[in-house]
Amino acid sequence: MKGGHNGPRHELPGRIVSAHGRRVVVEDTGGNSHACRLFGRRLQVVCGDRVTWVRADAEGATGMVVGVEPRSTELARISSNGTGEVIVANLDQLVAVVAPVPAADFSICDRYLAAAEWADLTAVVVLNKSDLPEASEPGLEAELATYRALDYPTIVTSKRSTRGIESLGSQLRDRVSVLVGQSGVGKSSLINLLVPGVEATVQEISRASEEGRHTTTASALYHLPGGGDLIDSPGVRDYAPPLPAPRDVATGFRELAAAGQACKFPDCRHMGEPGCAVEPLVRCGRISPRRLASYRQLLKIAMEVEQRLKSTGRTRLKERTGPRFRK
Ligand SMILES: Nc1nc2c(ncn2[C@@H]2O[C@H](COP(=O)(O)OP(=O)(O)O)[C@@H](O)[C@H]2O)c(=O)[nH]1
Ligand SMILES: [Mg+2]
Ligand SMILES: [Zn+2]
């Protein structure tokens, strides 16, 4: 008999521990994993989501996710078509990983940190591959010092020498954290050190293509032996978070949010307005010009988004002059 003898199929609580498109792995309350499909086209889940699922034989799966709980937090990005796309749900902490190779892109790091501010996540900066000779370039240390001065914990690590792995471990304890950063910086390698027994796929990259190839598209959640979870996210070439209104973009940058209190105009965008309190602090070295440049890049995107919203808003209004709006 279809449906078995228990009547309606029994809905069970679970958590998404791996997501690759519409193929997901659900962990049940006993810690067992189940390959699942998603029920219906509209259901979308990401790593960290709390879900309800049922046992069901589906193509290559033994379960079906039928519902998703409201999220406490989410980390998202703007996808190539300009819409927001959630990457990870129900996390507390973002760990931005940089390395000397591939060359550290601190503007991406700043974007992740801004995303963490907006999503109410604590944030940490990790410099991995400290064993490489390129790691001792003074420029790198100066950038780390900038983050430290902003009260972001910074941790220097190495997969080779295992330097910093213990302090990274204690920073992660009892929290749900996501590792983010350019492809090839060593996120999966760090997970393999921190979570004994797992084998996160480490991408072997040739020196010739140091940018790292974008091969992983799945994300996965691992349990830390001392408590807490760690989520490996696929590497990115570029990252931009969904942005607030232009006047609020500075809230993603701690030093600009603080300095902005003293600007002459309350809605100052720190773009050369008279009485701006930010620029003098940049000139005297109290605010990093590189951080200001990162802010201005995001501000530019936010302004473009606002422009687009305004123009589509107008079309929407026109479309709405249907019966409901006609006098
Ligand atoms: N020298 C050195 N190489 C590392 C370190 N961590 C990772 N790698 C190498 O960097 C490459 C990319 O690592 P992977 O963990 O896949 O990076 P991911 O793309 O951020 O997940 C691999 O060849 C790793 O062996 C490190 O601390 N030192
Ligand atoms: Mg990886
Ligand atoms: Zn200003």
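Note that ligands are numbered from 1 as they come in the structure, with each ligand's atoms numbered from 1 the same way. Every heavy atom of this structure was used, including side-chain atoms; hydrogens, water molecules and symmetry mates were not.
For a threshold of 3.5 Å applied to N or O pairs, the pair formed by T157 and ligand 1 contains no separation below that value. In terms of polar-atom proximity, defined here as any N/O pair under 3.5 Å, D232 makes no such contact with ligand 1. Considering backbone and side-chain N/O of S130, none are found under 3.5 Å from N/O of ligand 1. Annotation: G186 places an N or O atom under 3.5 Å from an N or O atom of ligand 1; distance criterion only.
Between R163 and D131, none of the side-chain N atoms (NZ, or NE/NH1/NH2) sits under 4.0 Å from a carboxylate O, so this pair counts as no salt bridge. Using a 4.0 Å cut-off between charged side-chain N and carboxylate O, E69 and R15 make no salt bridge. Under 4.0 Å is where a charged nitrogen must lie from a carboxylate oxygen, and between K264 and E273 no such pair does. Taking 4.0 Å as the cut-off between side-chain N and carboxylate O, E279 and R296 count as a salt-bridged pair. Comment: E255 does not engage R286 in a salt bridge, judged by the lack of any side-chain N to carboxylate O separation of less than 4.0 angstrom. Taking a cutoff of 4.0 Å between a charged side-chain nitrogen and a carboxylate oxygen, K300 and E304 qualify as a salt bridge. A salt bridge between D229 and R175 is absent, with no side-chain N of the basic residue lying under 4.0 Å from a carboxylate O of the acidic one.
Shown in contact with S158 at under 4.0 Å from a heavy atom are these atoms of ligand 1, numbered in order with element: 27 (O). Which parts of ligand 1 touch L132 is read off a 4.0 Å heavy-atom cut-off, strictly below it: atoms 1 (N). Remark: ligand 1 atoms within the under-4.0 Å shell around heavy atoms of R160 are 1 (N), 2 (C), 27 (O), 28 (N). Below 4.0 Å from some heavy atom of D131 lie the following atoms of ligand 1, by number and element: 1 (N), 2 (C), 26 (C), 27 (O), 28 (N). For ligand 1, the atoms lying closer than 4.0 Å to a non-hydrogen atom of N128 are 5 (C), 6 (N), 27 (O). Per-residue contacts place S183 under 4.0 angstrom from the following atoms of ligand 1 (heavy atoms of the residue considered): 19 (O). Listed by number with element, the atoms of ligand 1 under 4.0 angstrom from any heavy atom of V185 are 17 (O), 20 (O).
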- [ ] Please assess L193 against K159 for the test side chain to side chain contact (heavy atoms under 4.5 Å, CB included), listing each intermediate value before the final yes or no.
- [x] CA-CA 7 Å; L193 282 178; K159 161 191 172 174; 4.3 Å; yes
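Among the backbone and side-chain atoms of S188, an N/O/S atom is found under 2.8 Å from the Mg ion (ligand 2).
Closest of all the heavy-atom pairs between A116 and A123 is CB-CB, 3.8 Å. When every heavy atom of L91 is checked against every heavy atom of L121, the shortest pair comes out as O-CD2, 3.3 Å.
The cationic group of R254 lies under 6.0 Å from the six-membered ring centre of Y152 and within 45° of the ring axis, placing it in a cation-pi geometry.
Only protein N, O or S atoms were considered, and those under 2.8 Å from the Zn ion (ligand 3) are C263 SG, C268 SG, H270 ND1, C276 SG.
Between Y295 and F253, the angle of the ring planes goes over 60°, which puts this pair in the perpendicular group of the 30/60° scheme.
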